[in-house]
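Heads up, the thing below is written out as structure tokens.
The analysis underlying the following values was restricted to heavy atoms, covering all of them including side chains, and did not include hydrogens, waters or symmetry mates. The structure displayed is predicted, hence computed values, not measured ones.
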Amino acid sequence: MKRITAGNKGKRWLLIFLVMNLVGMAVALFLENGLGSDSIGLLCDGLHRALGISYGNASLLYNLTIILAAALFARGNLGAGTIVYALTSGYFIDFYCWVLGPLSLGTGLLPFRFLGFAVGQVLLSLALAILIQMRLGMNALDALLTRLSQVTGISYAILRTGADLSYVVIGTLLGGVFGVGTILSVLLTGTMIRLFTRLLDSRKTAAG
């Protein structure tokens with residue numbers, strides 16, 4: 001059993017902080033470029049508009065709900081990263097929206113808006129892959145889906161796409177902003193997370 005040292009703990013917390021910043025930048029890029037956000041972002045946007053609360057508080061409400069389900073059915077996939085993600089990711093998004101807001105990205109040329117979306121998609125997929133591969137504790141949705149994949153034999157990518165589609169429908173009905181970026185994110189996120197996970201795994205194996 002690998003001994004957990006102060007240095008290892010410090011590295012884990014630095015990675016968690018990196019993930020929070022990557023998620024914050026990613027979703028802020030989705031929201032500010034106005035092409036539609038990822039599925040969870042769209043659901044939280046819908047909650048934010050329907051309930052009249054800040055995006056950060058909408059994200060907190062969603063994350064606390066899903067983390068409760070994960071604690072009941074996929075406890076082994078949870079960790080410190082799960083808790084930190086649930087409690088703070090929405091506020092990192094609020095912060096980066098505040099940083100990017102003055103740039104008025106949503107009024108820029110369409111190619112630049114798509115570029116902003118693409119950067120956000122890469123950052124989000126990488127962040128979620130880091131949580132999974134580095135065993136920091138997955139975000140609660142991935143914890144549930146990974147467990148479900150293990151039980152049913154259905155691939156994670158398929159389950160993630162199904163969950164994303166469900167979130168898109170609910171978020172749109174609640175008033176969240178749907179766009180072409182939402183469609184692209186639904187189609188790409190599960191596969192990109194899997195690709196980044198495999199890449200990180202190969203690098204980890206090579207380093208070991």
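In the hydrophobic cluster analysis, where Ile, Leu, Val, Met, Phe, Trp and Tyr join through side-chain heavy atoms closer than 4.5 angstrom, M192 is grouped apart from I183. L105 and L184 fall within a single hydrophobic cluster, where Ile, Leu, Val, Met, Phe, Trp and Tyr are joined by side-chain heavy atoms under 4.5 Å apart, directly or via other members. Transitive grouping of hydrophobic side chains (ILVMFWY, heavy atoms separated by less than 4.5 Å) keeps L31 and V177 in distinct clusters. Taken together through direct or relayed side-chain contacts under 4.5 Å among Ile, Leu, Val, Met, Phe, Trp and Tyr, I170 and L173 form parts of separate hydrophobic clusters. Both F117 and V99 are part of a single hydrophobic cluster, where members link through side-chain heavy atoms under 4.5 Å apart.
Atom CG of L47 is separated from atom OH of Y62 by 10.0 Å, given to the nearest 0.5 angstrom. Atoms CD1 and OG, from I40 and S185 in turn, are 9.0 Å apart once rounded to the nearest 0.5 Å. Between T65 atom OG1 and L61 atom CG the span is 5.0 Å, to the nearest 0.5 Å. Put simply, CE on M25 and CG on L123 are 5.5 Å apart, with the number rounded to the nearest 0.5 Å. Taking CD1 of I130 as the reference point, atom OG1 of T197 lies at 10.0 Å (rounded to 0.5 Å). The distance from atom CD1 of I93 to atom OG of S37, rounded to the nearest 0.5 Å, is 9.0 Å.
Using a 4.5 Å heavy-atom cutoff, the side chains of Q121 and L188 are in contact. Looking at D94 and C97, their side chains never come closer than 4.5 Å, going by heavy atoms from C-beta outward. Y96 places none of its side-chain heavy atoms less than 4.5 Å from the side chain of V27. Between L18 and L14 there is no side-chain heavy-atom pair separated by less than 4.5 Å. In this structure the side chain of F196 never reaches within 4.5 angstrom of the side chain of L128, judged on heavy atoms.
In this structure, S125 contributes its side chain and V122 its backbone to no donor-acceptor pair below 3.5 Å. No side-chain donor-acceptor contact under 3.5 Å links H48 to the backbone of A58. Using modelled atom types, no side-chain atom of S104 and backbone atom of T107 make a donor-acceptor pair closer than 3.5 Å.
Partners of F92 under the ring pair (Phe, Tyr, Trp, His ring centres under 6.0 Å) rule, at least two apart in sequence or in another chain, do not exist in this structure. Not a single side-chain hydrogen bond (donor to acceptor under 3.5 Å, both in side chains) links T82 to another residue, sequence neighbours left out.
Of all heavy-atom pairs spanning A70 and A140, the tightest one is CB-O, 3.8 Å. Heavy atoms only, all atoms of each residue included: F17 and N21 are closest at O-ND2, 2.8 Å. Taking all atoms of both residues into account, the shortest heavy-atom contact from R113 to N33 is NE-O, 2.9 Å. Listed here is the closest heavy atom pair of Y156 and G190: CE2-O, 3.9 Å. Residues A143 and N77 come closest through the heavy atom pair O-ND2, 3.1 Å. The minimum heavy-atom distance linking E32 with G101 is given by the pair OE1-CA, 3.7 Å.
A salt bridge (Lys or Arg N to Asp or Glu O under 4.0 Å) check over residues 149-163, counting only residues at least two apart or in different chains, returns the pairs D142-R160, R160-D164. For residues 35-45, the set of pairs meeting the salt bridge (Lys or Arg N to Asp or Glu O under 4.0 Å) definition, not counting sequence neighbours, comprises D45-R49.
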Next on the checklist: Apply side chain to side chain contact (heavy atoms under 4.5 Å, CB included) to residues L141 and Y167 and explain how you reach the verdict.
Outcome noted: CA-CA 11 Å; L141 176 61; Y167 282 13; 3.7 Å; yes

Next on the checklist: Run the side chain to side chain contact (heavy atoms under 4.5 Å, CB included) test on L100 and L29 for me, step by step, so that the C-alpha distance in whole Å, both residues' side-chain angles and the decisive distance to 0.1 Å come before the verdict.
Outcome noted: CA-CA 8 Å; L100 295 175; L29 282 168; 3.9 Å; yes

Next on the checklist: Using the rule given for side chain to side chain contact (heavy atoms under 4.5 Å, CB included), can you reason through L124 versus F30, listing the C-alpha separation, both sets of side-chain angles and the distance that settles it, and then say yes or no?
Outcome noted: CA-CA 10 Å; L124 179 66; F30 292 154; 3.9 Å; yes

Next on the checklist: Does R147 form a side chain to side chain contact (heavy atoms under 4.5 Å, CB included) with F73? I'd like the steps, not just the answer.
Outcome noted: CA-CA 8 Å; R147 177 59 180 161; F73 301 108; 5.7 Å; no

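With F114 as the fixed residue, the side-chain contact (heavy atoms from CB on, under 4.5 Å) test singles out one of L109, L35, V119: L35.
Side-chain contact check for N63 and S59: at least one donor-acceptor pair (N or O, by modelled atom type) lies under 3.5 Å.
Within the hydrophobic cluster formed by Ile, Leu, Val, Met, Phe, Trp and Tyr side chains joined at under 4.5 Å, directly or through other members, L60 is accompanied by L64, I67, I83, L87, Y91.
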Taking only distance into account, with no hydrogens and no angle test, what donor-acceptor pairs under 3.5 Å do side-chain atoms of residues 148-155 form with protein atoms, sequence neighbours excluded?
unit_1: S149; atom_1: OG; unit_2: I154; atom_2: O; d: 2.6
unit_1: T152; atom_1: OG1; unit_2: L148; atom_2: O; d: 2.8
unit_1: T152; atom_1: OG1; unit_2: I154; atom_2: N; d: 3.2
unit_1: S155; atom_1: OG; unit_2: I158; atom_2: N; d: 3.3

